[in-house]
Amino acid sequence: MEPNNLTDVSAFLLLGLSEDPQLQPLLFGLFLSMYLIAVSGNLFIVLAVISDPHLHTPMYFFLSNLSLADIGFISTTVPKMLVNIQTQNKSITYVGCLTQMSFCYLFGSMDSFVLTSMAYDRFVAICHPLHYTVIMNPRLCGLLVLLCYFFSLLDSQLHIVMVARLSFCADVEIPHFFCDPPQLFNLACSDISISTTLMYCAIAVFGGVPVSGILFSYTRIVSSILKVSSSDGKYKAFSTCGSHLSVICLFYGTGAGVYLSSAISSSARKSAVTSVMYAIVTPMLNPFIYSLRNRDIKSALKRLLSRAA
């Protein structure tokens with residue numbers, strides 16, 4: 001690429017989901033509603049866990065951290081999109097783009113690692129019930145959350161390095177509603193081979209390790225449950241994992257869908273629409289999955305709302 005095609009980029013343009021002016025009020029109302037539902041739902045989960053002594057257990061400690069990660073995840077992308085729609089200004093500064101990308105991967109990875117910690121918690125509870133309180137002590141739970149944060153931070157910084165080393169052309173239009181590295185790679189005029197290799201390595205490590213941990217935990221869980229003779233015992237054991245399995249399928253299913261759609265479809269706009277499921281719908285649905293399927297959470301929420309009233 002010729003040098004005169006390179007430019008010092010100070011800002012990008014986030015084109016969003018649609019450039020149709022008639023759709024903008026509808027999109028604004030829809031995503032504002034989804035954002036408020038997601039934040040309030042996850043915040044209620046956190047407050048319920050904090051306020052109710054019955055929920056001061058490892059499982060709900062991890063759940064509250066998952067809710068905090070979901071709040072951070074959706075707050076990284078949606079507010080900027082709403083501001084862009086309302087002001088009709090699609091620009092985001094270069095530093096703002098890197099910052100948004102960093103926090104997006106920080107909280108996204110945090111979701112993944114916390115879900116893995118929750119899988120380990122269920123593994124210990126079902127496979128080693130007599131030693132559960134000894135193994136899942138407060139020190140270990142705190143250490144697991146700190147490790148989740150550390151590896152998530154490392155993942156986000158790796159993505160910063162991938163993008164920061166690139167030079168961009170005069171075309172700075174991103175056909176997405178947030179700064180996503182694959183979209184930024186498409187705008188780069190410099191060689192992206194190293195950054196692409198780093199990205200796939202990051203996906204393999206920071207995506208593969210949590211998935212492997214979850215698969216290992218649930219393989220052992222299923223093996224242990226199948227050894228239970230009574231059907232009631234099997235149902236009770238499976239029911240304790242139902243909400244967690246639903247969230248795992250939703251999180252990784254939508255995430256895989258985003259990357260598969262971007263690989264199969266040549267339309268970046270279609271990929272952006274698919275990303276809505278991963279970045280917005282999943283954090284919004286998680287509180288409902290846990291509250292609707294969990295009596296302890298429902299009881300704690302009722303007590304919390306009654307005290308607030």
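Atom NZ of K302 has 12 or fewer heavy atoms from other residues, nucleotides or ligands within 6.0 Å.
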**Request:** Using the side-chain contact (heavy atoms from CB on, under 4.5 Å) rule, take L106 and L153 through it: C-alpha gap first, then chi angles, then the decisive distance, then the call.
**Result:** CA-CA 5 Å; L106 171 66; L153 183 62; 4.2 Å; yes

**Prompt:** Run the side-chain contact (heavy atoms from CB on, under 4.5 Å) check on V211 and T116 step by step: do they pass?
**Reply:** CA-CA 7 Å; V211 169; T116 307; over 6 Å; no

**Item:** N89 vs S91, side chain to side chain donor-acceptor pair (under 3.5 Å): CA-CA, chis, key distance, verdict
**Value:** CA-CA 6 Å; N89 181 6; S91 68; 3.0 Å; yes

**Request:** Would you sort out whether R220 and S224 count as a side-chain contact (heavy atoms from CB on, under 4.5 Å), showing the intermediate values?
**Result:** CA-CA 6 Å; R220 298 293 299 273; S224 180; over 6 Å; no

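Within the structure, the ring pair (Phe, Tyr, Trp, His ring centres under 6.0 Å) test picks out the following pairs touching residues 60-91 (sequence neighbours left out): F73-Y278. Among pairs with a residue in residues 177-205, those fulfilling ring pair (Phe, Tyr, Trp, His ring centres under 6.0 Å) read H176-F178, at least two apart in sequence or across chains.
Counted by atom type alone, D121 and Y132 present one or more donor-acceptor pairs between their side chains at under 3.5 Å. Checked by atom type, the side-chain pair Y105/S152 shows no donor-acceptor distance below 3.5 Å.
Using modelled atom types, no side-chain atom of H159 and backbone atom of M199 make a donor-acceptor pair closer than 3.5 Å. With hydrogens and angles disregarded, no donor-acceptor distance shorter than 3.5 Å links the side chain of E173 to the backbone of L187. Panel note: side chain S195, backbone I192; no donor-acceptor pair is recorded below 3.5 Å. In terms of modelled atom types and a separation under 3.5 Å, the side chain of S112 and the main chain of G108 share no donor-acceptor contact. A donor-acceptor pair is defined here as one N or O able to donate and one able to accept, closer than 3.5 Å; no such pair exists between the side chain of S64 and the backbone of V46.
Across T87 and V83, no two heavy atoms sit closer than the pair OG1-O, 2.7 Å. Heavy-atom minimum distance, L140 versus M136: CD2-SD, 4.0 Å. Considering all non-hydrogen atoms of both residues, L36 and S40 come closest at O-OG, 2.6 Å. Taking both residues in full, the closest heavy atoms of K227 and S223 are given as CG-O, 3.3 Å, listed atom of the first, atom of the second, then distance. V205 and P210 make their closest contact through O-CD, 3.9 Å (heavy atoms, listed as atom of the first residue, atom of the second, distance).
A heavy-atom distance below 4.5 Å is not found between the side chains of M162 and P181. I71 has its side chain out of reach of F107: every pair of non-hydrogen atoms, C-beta onward, lies at least 4.5 Å apart. A 4.5 Å side-chain heavy-atom check between Y35 and L30 finds every atom pair outside the cut-off. Inter-residue side-chain proximity for S109 and S156 is flagged as unmet; no heavy-atom pair is nearer than 4.5 Å. When side chains are defined from C-beta on, C127 does not count as touching R122, because their heavy atoms never get closer than 4.5 Å. Contact check for T254 versus V281: no side-chain heavy atoms found under the 4.5 Å cut-off. Side-chain atoms of M101 and L184, non-hydrogen and from C-beta on, do get closer than 4.5 Å to each other. You'll find the side chain of L115 reaches within 4.5 Å of the side chain of V247, heavy atoms only.
Under the 4.5 Å side-chain heavy-atom criterion for Ile, Leu, Val, Met, Phe, Trp and Tyr, M118 and I50 are members of distinct hydrophobic clusters.
A distance below 2.5 Å between sulfur gamma atoms is met by C179 and C97.
Every residue was checked against the ring-ring contact (aromatic ring centres under 6.0 Å, His included) condition with H54, not counting sequence neighbours, and none meets it.
Taking the six-membered ring for Trp and the full ring otherwise, the centers of F123 and Y218 sit at least 6.0 Å from each other. Here the two rings, on Y290 and H244, have centers that are 6.0 Å apart or farther.
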